[in-house]
Enquirer: 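The structure under discussion is supplied below as structure tokens; questions concerning it will follow.
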Amino acid sequence: MSTPSRFTLTEHSLTLWRVTFDNAPVNLVDGTLTSELDEVFTRAENAGVAVMVFDSADPEFYLAHYDLSAKDELDHVLAHPEEVHPYTALLIRLSKLPLATIASIRGIARGAGSEFLLATDMRFASREKAVIGQFEIGMSAITGGGPATRLPGLVGRGRTFEILYGGLDMDGARAEQYGYVNRSFPDSELDGFVDELASRIASLDLQTIKDIKYFVNLATLRPDAEFKDQIDAFWAAVNRPAQQHVGKHLFEAGLQQRSEVERDLPHWVTRFQYRPGSDQE
Amino acid sequence: MSTPSRFTLTEHSLTLWRVTFDNAPVNLVDGTLTSELDEVFTRAENAGVAVMVFDSADPEFYLAHYDLSAKDELDHVLAHPEEVHPYTALLIRLSKLPLATIASIRGIARGAGSEFLLATDMRFASREKAVIGQFEIGMSAITGGGPATRLPGLVGRGRTFEILYGGLDMDGARAEQYGYVNRSFPDSELDGFVDELASRIASLDLQTIKDIKYFVNLATLRPDAEFKDQIDAFWAAVNRPAQQHVGKHLFEAGLQQRSEVERDLPHWVTRFQYRPGSDQE
Amino acid sequence: MSTPSRFTLTEHSLTLWRVTFDNAPVNLVDGTLTSELDEVFTRAENAGVAVMVFDSADPEFYLAHYDLSAKDELDHVLAHPEEVHPYTALLIRLSKLPLATIASIRGIARGAGSEFLLATDMRFASREKAVIGQFEIGMSAITGGGPATRLPGLVGRGRTFEILYGGLDMDGARAEQYGYVNRSFPDSELDGFVDELASRIASLDLQTIKDIKYFVNLATLRPDAEFKDQIDAFWAAVNRPAQQHVGKHLFEAGLQQRSEVERDLPHWVTRFQYRPGSDQE
């Protein structure tokens, strides 16, 4: 395997691996991260890994969101409507990996970043430093990676609507109350808890982990086709004037840089809402 | 549209409308409210409204329950078993409206009142002044408007049974803990929170709201037929001696008046339980 | 009916019955308990009982887990793969009984004990003295009685994985936070709450209880076949060297006796994990 460029991989033991996102300036999700993770998943499956932990080297950003600068990606998607977008396919795979997956969340996880952690098995968050949300409605786009499908089984129908319609951030304590994450911890206790739980599970029986994954998935996963339809709806939104209007202004203001725009994205998006027929631009 | 008699309609903006229930003495649900709401839903859809808020002009009663005095309604229902009762049909429609719906709850919302708020997208409650519950078991009747179907996706199976078997009231704090409502607030903060959230959503992209509604409903709504069967079971119960016995005594004690019976209905119902073969009556 | 040997049955009234587990030394679940409960269920149904409460005579053990000493039971299971194991069949039946069921939990409820309470309608726990969990992964076995299927509808997908992968204990407060139980109470208040709720429901209309059970089950129960597959996977695990290795060492250390092993089972199991190819054994 070539050295990954978007994260570091630490093999703590034969059965416990850690992926630490490290993709300056703000840990964007992109096609390269997608393919590098896909490769690690294959290696982990083949190696009989029991537990994978996903955390971030950047205490301020877990995974900011999807890289919105990739204009040629939109062109590809529109030209190949029959394909499942690679990131959606990766998340579908992540939920079904025959091993236990844990997201350890410190910093901002919005949009595709939140979608990533929703596709893991368990989520633990820093009470003070986790910032979780689906800001996409502020970009005039449905969330593409499936939170409309995954959130109801964690937080219920009503809170799912609040998260997706509102597009606002949630801290660790609120995320725990809603069930968006399993638990939140004072920041100084998060790593210790996750390490102890991950080590424990990694010492237990791999066949049992696989059996648990199989039966819980049978009771909880929705059909793959629902994810395909959502990512298609997302790209259709990206291709509309409203999304392009907001995006253009956000990039000018500092999107995808280590900026106040990224730090408070849910409020910045409201500055640039598109009004058809007005002469804004 | 004729002026509604059961509520006031406030059009805050092109995209944000408010229905304020105002039907003295205790905000009963009845056929007139049902048809007036249905008409507003159609107007809102046609007008491209993005957000509807539902609150009450009466701080003590949100929606007390269904009007149980309409004897000719029972006759109609029994004569037309193929029809879906209009209130059930309204709630099915409410859950699918292509816009965001918010219940802002202060006062008593029992029976059909609780069913109404369960059919909205999001529920926010006054911590001290919200009183929510499904008292129908005390009237010897299954809940007709679908909480057996909707509650499990909000509060889980165990708490659904507690709510329906127990028939007791819940305050805002407990309703929040259970997920019956999204959040509860000190009474003085409820309106501010709801207004800010509603205004924000109303300023965002309507197509995205429709997409979110579609995909969340796909993952959360049960088949319409389950609601038909429940309302039929409710009316079958209304036609049994047990229900008529309790109802008769409750009306004598003050049901559907601004009375202690309405204020503490879950305990009043237990005074008049039917014992077949006894000479109560 | 012969006098049950694993519990006492108290008929508080015509409509309210109580089963109090009492099977020294630690309230194990076994084939005798299974058949005795099955007989009580039949009697209760025939007698028109409205509410059954399940509690324990032993404040330290609610139901410890399944009796793992029954070697001939494994032989029978392996020889009759077409049969649904009687305990699984009992739990499927318990969830569908046409009456309200309440688990009042004080002491340890692990493994098959936790599975029992998950199959009841409602669970109330002592905040300090309830100890709930699914330790089976520590025995290298998938949980057999269906928590992978039942937990998601109570605690959500993420917390289900935490409970099953981790195999750790949960106290009453955490169980309440997760929705594993409806509520927890200071130990001195548990009995009073359960008695009052049970008495109230037992005084209400039995047909309504049956209607509620029917409609909530329609919205929440998974197909019976998923339970059969899990118990089969459990027995397949029991037949593997890993499980037999852990079991042998645990019995030597005090399993199924009133011992520290039973008190802290989730940590004892980790002492004896099987390493294929090593010369432990």
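Every chain is numbered from 1, with letters handed out A, B, ... down the list of sequences.
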Enquirer: Take A/Y66 and A/E73, measure what side-chain hydrogen bond (donor to acceptor under 3.5 Å, both in side chains) needs, and give me the verdict at the end.
Expert: CA-CA 12 Å; A/Y66 204 87; A/E73 190 163 356; 2.6 Å; yes
Enquirer: If you count heavy-atom pairs within less than 4.5 Å of chain B, which of A/T270, A/V269, A/L168 leads?
Expert: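 Maximum pair count with chain B is reached by A/L168.
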Enquirer: What part of A/R150 is in contact with chain B, defined as an atom under 4.5 angstrom from a non-hydrogen atom: side chain, backbone, both or neither?
Expert: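 Neither the backbone nor the side chain of A/R150 comes within 4.5 Å of chain B.
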Enquirer: Quick check, are the ring centers of B/F21 and B/F116 under 6.0 angstrom apart?
Expert: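 Centroid separation for B/F21 and B/F116: below 6.0 Å.
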Enquirer: Quick check on A/Q243 against chain B: is it the side chain, the backbone, both or neither that has a heavy atom closer than 4.5 Å?
Expert: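 Contact with chain B: none, neither part.
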Enquirer: For the interface with chain B, which of A/P152, A/P223, A/A141 has the highest count of heavy-atom pairs at distances below 4.5 Å?
Expert: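 Looking at each of A/P152, A/P223, A/A141 in turn, A/A141 comes out on top.
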Enquirer: So, do B/T88 and B/K228 sit near enough that their side-chain heavy atoms are less than 4.5 Å apart?
Expert: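 Not in contact.
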Enquirer: Verify the distance criterion only: is there a donor paired with an acceptor across the side chains of B/R18 and B/H12 at less than 3.5 Å?
Expert: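 Distance-only check passes for B/R18 and B/H12.
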Enquirer: Going by atom types alone, do B/R6 and B/N27 pair a side-chain donor with an acceptor below 3.5 Å?
Expert: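 No pair is found: no donor N or O on one side chain lies under 3.5 Å from an acceptor on the other.
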Enquirer: Apply side-chain hydrogen bond (donor to acceptor under 3.5 Å, both in side chains) to residues B/Y178 and B/E162 and explain how you reach the verdict.
Expert: CA-CA 11 Å; B/Y178 274 25; B/E162 181 186 342; 2.8 Å; yes
Enquirer: Can you confirm whether A/I142 sits close enough to B/F215 that some side-chain heavy atom of one is under 4.5 Å from a side-chain heavy atom of the other?
Expert: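 Touching, per the 4.5 Å side-chain cut-off.
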Enquirer: Below 4.5 Å from any heavy atom of chain B, which atoms of A/T160 appear? Answer side chain, backbone, both or neither.
Expert: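 For A/T160, the side chain is the part near chain B, not the backbone.
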Enquirer: Against chain B, label A/V155 side chain, backbone, both or neither, depending on which of its atoms sit under 4.5 Å from a heavy atom there.
Expert: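 Neither part.
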Enquirer: Quick check on the structure: residues of residues 120-139 of chain A within a heavy-atom distance below 4.5 Å of chain B, by number.
Expert: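 The list, in residue order, reads A/I137, A/G138.
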Enquirer: Decide yes or no for B/K213 and A/Y165: does some side-chain heavy atom of the first lie under 4.5 Å from some side-chain heavy atom of the second?
Expert: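 In short, these two side chains touch, coming nearer than 4.5 Å.
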Enquirer: Do B/E45 and B/L97 come close enough that some side-chain heavy atom pair is under 4.5 Å?
Expert: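 They are in side-chain contact.
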Enquirer: Consider side chain to side chain contact (heavy atoms under 4.5 Å, CB included). Of B/I212, B/I201, B/I102, which one does A/F161 pass it with?
Expert: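 Looking at B/I212, B/I201, B/I102, the match for A/F161 under the side chain to side chain contact (heavy atoms under 4.5 Å, CB included) is B/I212.
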Enquirer: Heavy-atom distances under 4.5 Å only: say whether A/R222 touches chain B with side chain, backbone, both or neither.
Expert: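 Just its side chain gets close to chain B.
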Enquirer: Which one, B/R183, B/K210, B/Q177, leads in non-hydrogen pairs under 4.5 Å with chain A?
Expert: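 Greatest number of close heavy-atom pairs with chain A: B/R183.
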